[in-house]
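Down below is the structure, laid out as structure tokens.
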Amino acid sequence: MTTSKRSTAGRPRSGAALSRQSGGFNEVAGQEAADAVDGNDAPRERGRRQRVQSAETGMVVLKGLARLGGRASLTLLALHVQQSPAKVHRYLMSLVEEGLVAQDADSQHYYLGLEAMLIGVAAMRQADPVRAAEPALVRLREAFDVTCFIAVMGNKGPTIVRFEEPGLPVTINVRIGSVMSVLWSAAGRVFLGLLDDPQVQAMAESEWAHASAEHRAQLDPADPIGTLRASVRAAQGACVRDTNLTGISAIAAPVFNYDGRLVGVITALGATGGFDARMDSPIGEAVRREAMAASHALGYRPPLPASA
């Protein structure tokens, strides 16, 4: 009996052969191709999952590079994403091919490429602090049944641009478009403490010059503005009781954009008798948490420790 051999011409190479390709995103292509020839759905599905995991790892590497300031050595990047340098290098090669990463010929460091920058520019065009804060305001209103708003710095001072009220709102004479005091409102104090702007400083000095004796007694007599700024920076927020509006207390926290610049302030307020106006109170922690959520939506990430 004559035995004929089946030709292997044109058949895909095995997964082991193809997995030796240098590109990180191509590591599973060989196994997936072999599985497709065999007609086995389970291995093919496994190949798809491996491809997804490969893409996820590539994104971890890309985000790690961005988190390190957009430029880093292979060793530092591998340490940051907790992967072996060899594995990170494979993924970097794929990212380089796609224009998302480039390599400096002199230092051999990797940095974000043109395509990554174009993606970032497109995202920045959509960065709107008011839109980012809207979900936070709704959550605060529903969770604590309080009035809350976001203010931005206008040419006349901190200006309310979005306002949320509970079912039984507190009667106050502020609405969208209202300009808040820099020294005597919680929102204004956050702008004063965290926004390095000569115009804001001038507003504070003008308010202090015209302040009543009762208001002056609330701040440090030797250095009222400087001491207030330092306290806001230390707390990363501000709270007031019966300062701007009689019978009203408020807590405010900053909203930062992608480059760490203060772009808005979220404030929650209520009647002094039933409102715990402390930064470490449940409402205070919630305001800071929601302000940070809005900041994250704008691309803000807290700076890494100096030793990282």
Side-chain angles (χ1 to χ4, degrees), residues 21-29 32 47-137 139 150 152-153 161-162 194-195 254-264 266 289-306 308:
Q21 296 181 26
S22 61
F25 296 129
N26 295 324
E27 287 180 331
V28 300
E32 190 172 2
R48 291 194 190 97
R49 289 197 302 269
Q50 290 173 338
R51 185 170 60 185
V52 170
Q53 291 171 356
S54 181
E56 289 175 349
T57 304
M59 293 303 100
V60 168
V61 172
L62 184 61
K63 289 189 291 185
L65 184 59
R67 190 74 174 85
L68 290 170
R71 175 183 290 264
S73 66
L74 174 60
T75 301
L76 179 60
L77 180 57
L79 181 64
H80 180 70
V81 300
Q82 299 182 337
Q83 299 285 348
S84 70
K87 183 175 182 178
V88 172
H89 181 263
R90 291 197 301 272
Y91 284 92
L92 283 171
M93 291 300 97
S94 290
L95 293 169
V96 167
E97 290 177 4
E98 296 299 325
L100 292 166
V101 171
Q103 186 177 25
D104 186 281
D106 296 326
S107 67
Q108 298 300 302
H109 284 190
Y110 293 91
Y111 60 92
L112 295 176
L114 176 60
E115 293 298 328
M117 288 189 285
L118 292 176
I119 292 172
V121 169
M124 285 187 291
R125 288 173 179 164
Q126 302 178 54
D128 178 358
V130 178
R131 182 169 60 185
E134 284 179 348
L137 297 181
R139 286 191 294 265
I150 181 170
V152 300
M153 179 56 66
V161 291
R162 184 75 167 82
L194 300 177
L195 190 63
V255 176
F256 300 104
N257 71 354
Y258 64 93
D259 64 357
R261 184 170 60 88
L262 178 66
V263 293
I266 289 179
R289 183 171 60 250
E290 293 295 355
M292 185 56 67
S295 299
H296 284 170
L298 295 174
Y300 173 72
R301 297 295 182 271
L304 288 172

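Minimum heavy-atom separation, Gly64 to Leu77: C-CD1, 3.7 Å. Across all their heavy atoms, Ser295 and Val255 have their closest contact at OG-CA, 3.3 Å. Between Ala133 and Ala294, the closest heavy-atom pair is CA-CB, 4.1 Å. Taking both residues in full, the closest heavy atoms of Ile266 and Ala291 are given as CD1-CA, 3.9 Å, listed atom of the first, atom of the second, then distance.
Between the CE atom of Met93 and the NE2 atom of His89 there is a distance of 4.0 Å, given to the nearest 0.5 Å. Atom-to-atom distance recorded for Ser73:OG and Leu79:CG is 9.0 Å, nearest 0.5 angstrom. Note: Arg139 CZ to Glu290 CD = 4.0 Å, rounded to the nearest 0.5 Å. Considering CG of Leu68 and CG of Leu76, their distance stands at 5.0 Å, rounded to 0.5 Å. Here Arg90 contributes atom CZ and Ser84 contributes atom OG; the two are 6.5 Å apart, rounded to the nearest 0.5 Å.
Put simply, the side chain of Leu100 reaches to within 4.5 Å of the side chain of Ile119, judged on heavy atoms. Residues Leu95 and Leu65 fail the side-chain proximity criterion, which asks for heavy atoms closer than 4.5 Å. The side-chain heavy atoms of Gln83 and Val60, taken from C-beta on, include no pair separated by under 4.5 Å.
The side-chain contact (heavy atoms from CB on, under 4.5 Å) with Phe256 is formed by just one residue from the set Leu298, Val263, Leu262; it is Leu262.
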Can I get a per-line list of side-chain donor-acceptor pairs under 3.5 Å for residues 109-116, giving both atom names and the distance, sequence neighbours left out?
residue, atom, partner, partner atom, Å
Tyr110, OH, Gln103, NE2, 3.3

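With sequence neighbours excluded, no residue forms a salt bridge (charged side-chain N to carboxylate O under 4.0 Å, His left out) with Arg261.
For Gln82, the CD atom sits in a loose shell: 12 or fewer heavy atoms of surrounding residues, nucleotides or ligands are nearer than 6.0 Å.
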Side chain to side chain contact (heavy atoms under 4.5 Å, CB included) between Val61 and Val101: does it pass, once the steps are laid out?
-> CA-CA 10 Å; Val61 172; Val101 171; over 6 Å; no
